[in-house]
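What follows is a short report on a single structure.
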Amino acid sequence: MATTYKLEEIKRGDKGNSVLLLQEILKSREQYKGELDKQFGPATEKAVIDYQTARIKMGAKLGNADGIVGPKTWNDLLALSKA
């Protein structure tokens, strides 16, 4: 049976399983060095901004590197995870 997630927009101050998934993906890419703690704090925000900045420079259409993980950033993160 497959597990599905509802991937809502997350940002600094948020908590929960969506943040944990984000941290795990970023850690697997060596972009996040913090604890897997389900807390979207400064370290997670910095990792997201660094990720967004790098991907935008590569041509990804993510909008701004704002540290907010919305649909465009989620889609980019998950698409790269499958590759």
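Index from 1, following the sequence.
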> So which pairs with a foot in residues 31-40 pass salt bridge (Lys or Arg N to Asp or Glu O under 4.0 Å), sequence neighbours left out?
Replying inline: none
> Honestly curious: do I10 and V48 fall in one hydrophobic cluster under the side-chain, below-4.5 Å linking rule?
Replying inline: yes
> Does some side-chain heavy atom of Y32 sit less than 4.5 Å from a side-chain heavy atom of L22?
Replying inline: no
>> Is there a side-chain contact between Q52 and D66 in this structure, where contact means two heavy atoms from C-beta onward sitting under 4.5 Å apart?
In response: yes
>> Quick one: does any side-chain atom of N75 pair with a main-chain N or O of P71 as donor and acceptor, under 3.5 Å?
In response: yes
> Which heavy-atom pair separates Q31 from A47 by the least distance, and what is that distance?
Replying inline: O-CB, 3.3 Å
> So, does E45 use its side chain to make a donor-acceptor pair with the main chain of G13 at under 3.5 Å?
Replying inline: no
> Of all heavy-atom pairs between L77 and R29, which one has the smallest distance, and what is that distance?
Replying inline: O-NH2, 2.9 Å
>> Would you say that Q23 contacts L20 through its side chain, given a criterion of any heavy-atom pair below 4.5 Å between the two side chains?
In response: yes
> Below 4.5 Å, heavy atoms only, C-beta onward: do I25 and L78 meet side chain to side chain?
Replying inline: yes
>> Show the nearest heavy-atom pair for residues G63 and I56, with the distance to one decimal.
In response: O-CD1, 3.2 Å
>> Let me check something: do W74 and L36 share a hydrophobic cluster, defined by ILVMFWY side-chain heavy atoms less than 4.5 Å apart, either directly or through other members?
In response: yes
>> Give me the atom names and distance for the closest heavy-atom approach of D76 to A60.
In response: OD1-CB, 4.0 Å
>> With a 4.0 Å cut-off on N to O distance, would you call D50 and K46 a salt bridge?
In response: yes
>> Holding to salt bridge (charged side-chain N to carboxylate O under 4.0 Å, His left out), I want the full list of residues that pass it with K27, two or more places apart in sequence or in another chain.
In response: none
> Quick one: do Y51 and V19 end up in the same hydrophobic cluster if we chain Ile, Leu, Val, Met, Phe, Trp and Tyr together by side-chain heavy atoms under 4.5 Å apart?
Replying inline: yes
